[in-house]
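Order of listing sets the numbers, starting from 1, for every ligand and every atom in it. All values below come from the heavy atoms of this structure, side chains included, with hydrogens, waters and symmetry mates left out.
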Amino acid sequence: MKLTVLGSGSPEPHVRRASSGYLLEVGDDCILFDCGGGVFDNLIRSGRKPSDVTHLFFTHLHSDHMMDYARLVHAAWDEGGAPLKVFGPAPIAQITNAYFGPDGLFAHDLRARTELMPSQAVWKARGGTLPRAWPEPVVTEITGGDTVNGETWYVTSCTVPHAQPALDCMAFALAHAGRKFVYSGDAGLCDQLEALCADADFLIHWCYRLDGEVADPEMMGLTPTPSEIGQMAKRAGVRQLLLTHFRVQMDTAEGHAAALAAMAAAFEGKSGVLEDLQVYQIG
Ligand SMILES: [Zn+2]
């Protein structure tokens, strides 16, 4: 499996980081986890086309995890790509319909692109046929505990505490050829997440707070520190641990050094802080 980091940031604007997005190539499939703002541009920078993405999993529907969703679907459609397979919590089907349905936000654009003669001529010149259908991503709503099976891989999920009850929030584990990749999404620590991380080869875990940063008790329970994440990863038998989703105020040389030292004190495997467009081979 090959991981390309397409977004390691947060909702905050950042010159070096897009919001959340992680691309995993598994056999012939190209599986994107989350699609926050800037992820689309990093997909192109990484040398891929929008229609290369075969599957998209949403951990939750905070904007920084789905802002580039419509752009990806529209651009892949415009290339004539196969419909994207989308998995995520409700109401992702309603959101998709609100973008691409008959009365959706893009209805005027799609009518123009499919019904006007000059646009039809451009489409036919690229090998397309008429009538031209609108984008039709294949959406499956899932929740924590659900499993999704690919040809050579499967994804398991669990509910994680983050933005309930407004949003259903999940973490995902993908298993392929004896290897296991886990992505926490945005998550407070919990028994289900620790179980999902058991014997993982590679764990991406969000980090919203450094050790020593005091917040109100409810917030602290939802935002584990690098040492707490490292301790959990050690208990779960994780082999490699990468933190992501730093806030701008933490994203300094001092902040990184503090996070790396705290993780190293708790966790013996390889650890680090992700950067956009990094590539990791898993297995
Ligand atoms: Zn979130």
Side-chain angles (χ1 to χ4, degrees), residues 5-14 16-24 31-40 42 56-72 86-96 98 141-146 155 157-174 181-190 192-194 196-197 203-210 213 215-226 228-229 232 241-251 255 259 273-276:
V5 179
L6 297 184
S8 58
S10 73
E12 296 172 299
H14 196 304
R16 202 176 77 242
R17 297 185 189 278
S19 298
S20 299
Y22 308 93
L23 190 75
L24 201 60
I31 303 167
L32 179 62
F33 292 93
D34 288 337
C35 193
V39 166
F40 181 92
N42 274 344
L56 171 58
F57 285 82
F58 287 111
T59 57
H60 65 298
L61 297 173
H62 263 150
S63 56
D64 57 315
H65 295 251
M66 51 87 67
M67 194 71 93
D68 272 3
Y69 173 45
R71 195 173 175 201
L72 177 66
V86 180
F87 303 88
I92 188 61
Q94 182 191 333
I95 289 171
T96 303
E141 292 191 339
I142 59 173
T143 192
D146 286 349
V155 167
S157 64
C158 73
T159 297
V160 291
H162 175 53
Q164 287 85 351
L167 298 176
D168 189 6
C169 305
M170 285 176 273
F172 293 123
L174 185 144
F181 163 85
V182 179
Y183 168 42
S184 71
D186 296 356
L189 297 180
C190 62
Q192 304 94 288
L193 177 57
E194 189 163 328
L196 196 76
C197 291
L203 168 61
I204 295 176
H205 202 293
W206 94 314
C207 183
Y208 200 75
R209 188 168 59 90
L210 294 175
E213 183 184 336
D216 73 68
E218 188 184 358
M219 183 68 171
M220 287 174 75
L222 293 171
T223 56
T225 64
E228 291 167 341
I229 297 164
M232 184 281 282
L241 168 62
L242 277 305
L243 298 183
T244 192
H245 206 300
F246 273 31
R247 286 175 296 157
V248 170
Q249 69 189 70
M250 300 154 55
D251 206 357
V273 177
L274 288 181
E275 297 288 337
D276 283 18

Is the distance from the Zn ion (ligand 1) to the nearest N/O/S atom of [X] under 2.8 Å?
{"X": "His60", "result": "yes"}
{"X": "Asp186", "result": "yes"}
{"X": "Cys169", "result": "no"}

query: In terms of ring plane angle, is the pair Phe57 and Phe172 parallel, tilted or perpendicular, where the classes change at 30° and 60°?
result: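 Phe57 and Phe172: perpendicular rings.
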Parallel, tilted or perpendicular: ring planes of His60 versus His62, cut at 30 and 60 degrees: perpendicular
task: Identify which one of Leu196, Val155, Ile204, Leu242 satisfies the side-chain contact (heavy atoms from CB on, under 4.5 Å) criterion when paired with Tyr183.
output: Ile204
task: For Gln249, look at atom CD and say whether over 12 heavy atoms of other residues, nucleotides or ligands are found less than 6.0 Å away.
output: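 Yes, enclosed.
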query: In His62, which N, O or S atom comes closest to the Zn ion (ligand 1)?
result: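 Checking each N, O and S atom of His62, the shortest distance to the Zn ion (ligand 1) belongs to ND1.
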